[in-house]
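Below: the structure, in structure tokens.
Just so it is clear: chains get the letters A, B, ... in the order the sequence lines come, proteins before strands, and each one is counted from 1. When reading the values below, keep in mind they use all heavy atoms of this one structure, side chains included, and skip hydrogens, waters and symmetry mates.
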Amino acid sequence: MPSIYLEITDGLGQQAIQRTDENGTVWWIPTDPANSDYQAYLATLAANSAPTAQ
Amino acid sequence: MSRAQLTSTVEQNTGGAVAPFLAGKNKIINGDFRINQRNFTSATSGYCFDRWTIAASGGTMTVTPQTFTAGAAPVAGYEAQTYAQIVTSGYGSAGDYGLFIQNIEDARTFAGQTVTISFWAKAASGTPKIAVETYLGIGAGGSGGTTSTPAGAVTISTSWARYSVTFAVPSLSGATVGTSSTIAVNLWVSAGSTFNTRASSIGTQNNTFSIWGVQAENGSVATPFTTASGTVQGELALCQRYYWQCDLSSVSLIYGAGFSSSAAAFVTYLPVTMRTTPSASSSGTFTANENGVGTRTFTALGAFGLRTTALSFEMSGSSGLTVGKPLEANSGVIAISAEL
């Protein structure tokens, strides 16, 4: 099962992405273009896997 | 060139009278596998030792940390602690592969240079091969550059020995380097025929490989091994630029305060500035000691606020907290990643 992404607001009130992995681990991902997890999220978006807004 | 410069160059190139233990010459971080912040004991994919990652398909590639018996490390005078053991099994098809990878930050590293990659290795049986390749990640928004540069393969034996390959890394002339670019050092331990060009035709291999002392440096000579920093603390700090794992019960004291009856907020500085704004996750059981009350148990740790130098988070799902009362987080594990 692929990771599940969710758009959220982080603890500092900024937009972030929450990714839940197959093993249940939840990652908080900043919308930083240099963050490789965010790059992977953008790649997923480009593959037409739209996120679910919180 | 002066005589002194010439002598220095010769000594450096031959590993002569003055051993060139220069901090920074080795672009591989954690080449001696001493840093294991994830505390992994066995891995078949993703990160394992700090900075090292596994890419495998078709067969199974299992990496474990192994401890040298004192006095048994392969280099006299370098009492190494740990080596990487890689077991490959189930490989046999054209599209199968197993790689042990370190992504080096910035595609400009080694561009247009002669590079020597060296390592110690042995196999459990036979004479398998390990192929070496660099692989360019031009970065988000970037373009151009030569993606794969095969560097050849070495044939190893059942005894520890040092192997090296020297090759030319293409220049980036005409390329546009994007965000978070990389050049990976790929050590292939198994590769089906689909990857013959990249993996120097080593073929699929099922064996047990032991590897230690990986070094990637400019020049045509494998100089004496040293870690990237030359010190244990320096190497840990280099690793923590990309990943930090904080066990609240033993690693770090982090203080905060209740902001409702059920939740508290905490903030801490990170041990080193991260490469970029990191991602964060949590695991384990979350507790904090409330001043004058005792241990409070929480059901979640999240709502991270992420910066390159600091981190805030919330623990939630408790009850009876006093707003504004100090708490010390004392269990739970936080992982912070700015890996490439």
Side-chain angles (χ1 to χ4, degrees), chain A, chain B residues 38 43-47 53 103 105-106 137-142 177-182 184 241-243 245 256 259 263-268 274-284 300-308 310-316 333-340:
Chain A
M1 187 179 73
S3 298
I4 298 171
Y5 291 99
L6 195 67
E7 289 184 354
I8 60 169
T9 301
D10 73 9
L12 299 174
Q14 298 185 346
Q15 184 187 9
I17 307 299
Q18 192 175 75
R19 186 189 76 208
T20 304
D21 292 340
E22 189 175 3
N23 63 6
T25 302
V26 177
W27 284 91
W28 295 68
I29 301 170
T31 54
D32 178 344
N35 182 291
S36 57
D37 294 321
Y38 184 60
Q39 291 176 351
Y41 165 70
L42 293 178
T44 301
L45 275 188
N48 297 320
S49 179
T52 304
Q54 189 177 41
Chain B
R38 293 170 179 81
T44 56
S45 64
Y47 280 91
T53 187
N103 284 305
E105 186 173 348
D106 197 343
I138 201 62
V177 179
T179 302
S180 294
S181 66
T182 59
R241 172 174 169 79
Y242 304 93
Y243 184 85
Q245 187 158 300
F259 65 87
F266 300 81
V267 64
T268 185
M274 305 291 285
R275 178 187 67 84
T276 191
T277 314
S279 307
S281 72
S282 63
S283 60
L301 191 163
F304 289 99
L306 302 163
R307 295 287 187 270
T308 56
L311 170 74
S312 67
F313 61 89
E314 296 175 12
M315 285 187 179
S316 58
V333 177
I334 299 172
I336 311 295
S337 174
E339 294 284 9
L340 290 158

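Looking at B/A335, the atoms closer than 4.5 Å to chain A (heavy atoms on both sides) sit in the backbone and in the side chain alike. Residue contact with chain A, scored on non-hydrogen atoms closer than 4.5 Å, involves the backbone of B/L340 exclusively. Heavy atoms closer than 4.5 Å to chain A are found in both the backbone and the side chain of B/T277. Only the backbone of B/S282 comes within contact range of chain A, with at least one heavy atom under 4.5 Å from a heavy atom of that chain.
Ring-plane geometry between B/F313 and B/F304 is classed as tilted, the angle between the planes lying from 30 to 60 degrees on a 0 to 90 degree scale.
Looking only at atom types and distance, the side chain of A/N35 has a donor-acceptor partner in the side chain of B/S279 under 3.5 Å away.
Stacking of A/R19 on the aromatic ring of A/Y41 is not recorded, the 6.0 Å distance cut-off and the 45° axial limit not both being met.
Under a 3.5 Å cut-off, the side chain of B/R38 and the backbone N or O of B/Y243 do not form any donor-acceptor pair. With hydrogens and angles disregarded, no donor-acceptor distance shorter than 3.5 Å links the side chain of B/E314 to the backbone of B/L301.
The candidate with the highest count of non-hydrogen atom pairs below 4.5 Å against chain B, out of A/T31, A/V26, A/I17, is A/V26. Each of B/S312, B/S337, B/A280 has some count of heavy-atom pairs under 4.5 Å with chain A, and the biggest count is that of B/A280. Between chain A and the residues B/P278, B/G178, B/G141, B/G139, the largest count of heavy-atom pairs under 4.5 Å involves B/P278. The residue among B/S281, B/S283, B/G305 with the most heavy atom pairs within less than 4.5 Å of chain A is B/S281.
At least one side-chain heavy atom of A/S3 sits less than 4.5 Å from a side-chain heavy atom of A/D21.
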